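This one's a predicted model, so the numbers in the text were calculated from it and none came from an experiment. Both ligands and their constituent atoms are indexed starting at 1 by order of listing.
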Amino acid sequence: MSGSTIEKHSDQIGMPKWDIDTPALLVDVSAMEQNISKMAKFASAEGVSLRPYIKTHKSTILAQKQLAAGAVGIGCAKLGEAEVMAAAGINDILIGNQIIGVAKIERLINLARNTDVIVAVDNRQNVDQLSTTAAAKGVKIRIIVELDVGLHRCGVKPGEAALSLAKYVDTAPGLKFCGFMGYEGHLQHVAEPEERATRVKEDVGLLVKTAEMAKLAGLRVDIVSASGTVTYKETGKLPGIIEIQPGTYIFMDSNYYPIMPDFERALTVLATVVSHPEEDYVLIDAGSKALSTESGMPEIKDIAGAKLTRVWEEHGKVELGEPSLRLKIGDKIEIYPSHVCTTVNLYDQYFAISNDRVEAVWEIDARGKLT
Ligand SMILES: Cc1ncc(COP(=O)(O)O)c(C=O)c1O
């Protein structure tokens, strides 16, 4: 945490959480620590390495907590996130995304001078750009080949196409091939564990098979990485998987929670009732600039019958069906985000809450790092 953050918020330490000005992002410290520890223990018991995807929390303090609990390194979605993490002294960083264009590749090369950074590729053109620049600058960059295991986002096709790209990377000057990754995002909403296990075996199995083909072809494969929060068990137990890279588990959210209750919902948005125009609804001061809604409406915590039904930019409408409490103007409520990653990105800091009081204020220092 930067000194300025500590100074700026020192007067809030010890404050009851209900006195925090709103909208604000609260972390239940005990629930979050339970989540961090549960995933770390799972990985250790299964003999897989844990590389948490930090685009969920975007905070160096929280990444350090995950590393202290046993993570081997971290995963980032963006180069800008990786730069912030590296500046805080984190060394083993996978950027599970394509770094395209001269400006970004120059930044990547600078990052790689002092940090053990791994970058995903899915095409030869990108490999050529990375190789030419890295070789010219005398830097070696570790490369992971990204496979499309069914999400149909980035990624080369598993099997021969991926093997061919891996061989191409392996001989490219300035680059060091280190393995394969494939995020099974399309399986994160498969609710039925047996079906999930079958589909992970089929789809993530393609990643494992490709890694085996590469080994048979004489390539050295140090990393075979996959998994999200919902598939962590099925993917983590799949023979041949070397690393898992879940992100959301640290906080969980109301979108994943019904199908993956292994983790506690540790993150809430604190909001204030600002208007009560009709008996059956109130308005709160948290709208779409305080709560993301692309994964559905967030859920109100601990007030039965109260439902967030609509958001505007600065307002949220809470309908008060029975048996909800009769909320009054000035009351504060907590809301579970439906998607924690995009909600966190709206805030500058977390209020870390223990026993209903502010224990610390943590900077979200990689917030907004989109490039
Ligand atoms: C490449 C990659 N790895 C890991 C994750 C983490 O997944 P989850 O948020 O389901 O834990 C994501 C999330 O989008 C991702 O894109």
Side-chain angles (χ1 to χ4, degrees), residues 32 35-36 38-40 42-43 48-59 62-63 66 71-79 81-82 85 93-99 117-122 143-156 158 179-191 196 199-200 203-204 207 223-236 238 241-267 292 294-296 337-345 366 369-370:
M32 181 196 74
N35 292 346
I36 291 175
K38 186 162 192 169
M39 189 63 87
F42 167 81
V48 286
S49 299
L50 171 61
R51 179 182 294 282
Y53 227 57
I54 64 81
K55 58 116 198 181
T56 297
H57 58 67
K58 287 178 168 273
S59 160
L62 298 189
Q66 290 171 309
V72 294
I74 59 167
C76 293
K78 290 289 180 157
L79 177 59
E81 292 171 354
M85 297 292 139
I93 303 177
L94 166 89
I95 304 171
N97 213 337
Q98 280 60 37
I99 302 296
V117 64
I118 306 165
V119 181
V121 300
D122 71 356
I143 301 288
I144 194 161
V145 170
E146 181 176 2
L147 271 59
D148 176 9
V149 294
L151 178 59
H152 304 321
R153 201 172 62 179
C154 290
V156 64
F180 299 95
M181 66 169 271
Y183 173 57
E184 68 282 24
H186 60 301
L187 303 183
Q188 301 308 313
H189 292 92
V190 179
R196 208 155 62 217
R199 295 194 57 192
V200 161
D203 294 0
V204 184
L207 173 73
I223 300 178
V224 181
S225 188
S227 122
T229 292
V230 174
T231 54
Y232 81 101
K233 267 194 216 148
E234 294 84 7
T235 296
L238 197 66
I241 289 293
I242 295 173
E243 287 189 0
I244 54 171
Q245 52 181 63
T248 301
Y249 78 96
I250 187 168
F251 296 143
M252 189 37 86
D253 56 32
S254 63
N255 181 28
Y256 275 175
Y257 186 68
I259 51 173
M260 180 36 72
D262 289 13
F263 300 96
E264 301 291 323
R265 287 186 292 181
L267 192 80
S292 79
E294 88 285 352
S295 296
S338 49
H339 189 177
V340 286
C341 310
T342 47
T343 299
V344 163
N345 195 47
K369 298 294 179 195
L370 300 181

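In this structure, atom 10 (O) of ligand 1 lies nearest to the protein heavy atom Y256 OH, 2.7 Å. With hydrogens left out, the protein atom closest to atom 9 (O) of ligand 1 is T248 OG1, 2.6 Å, a heavy atom. Residue, atom and distance of the protein heavy atom nearest to atom 3 (N) of ligand 1 are Q245 NE2, 2.7 Å. Here the protein heavy atom with the shortest distance to atom 7 (O) of ligand 1 is Y183 OH, 3.3 Å. Nearest protein neighbour of atom 14 (O) of ligand 1, counting heavy atoms only, is K55 NZ, 2.9 Å.
Defined by atom type and a distance below 3.5 Å, a donor-acceptor pair is present between the side-chain atoms of Y249 and Q66. Side chains of S292 and T342: a donor on one and an acceptor on the other come within 3.5 Å.
Between T231 and the options Q188, R199, R196, a side chain to side chain donor-acceptor pair (under 3.5 Å) holds for only Q188.
Of the polar atoms of G247, at least one N or O is found under 3.5 Å from an N or O of ligand 1, judged by distance alone.
To the nearest 0.5 angstrom, K78 atom NZ is 8.0 Å from I99 atom CD1.
Scanning all heavy atoms of the two residues, the minimum distance from I241 to V204 falls at CD1-CG1, 3.7 Å. Across D253 and Y256, no two heavy atoms sit closer than the pair OD1-N, 3.0 Å.
The residue among F263, F251, Y53 with a heavy atom at the shortest distance from atom 5 (C) of ligand 1 is Y53. With atom 16 (O) of ligand 1 as the reference point, the heavy atom nearest to it among R153, R51, M252 is part of R153.
Side-chain atoms of K38 come within 3.5 Å of backbone N or O of D262 as a donor-acceptor pair.
Those atoms of ligand 1 that come under 4.0 Å of a heavy atom in T229, given as number and element, are 8 (P), 10 (O), 11 (O). The distance from ligand 1 to the heavy atoms of P246 drops below 4.0 Å at these ligand atoms: 11 (O).
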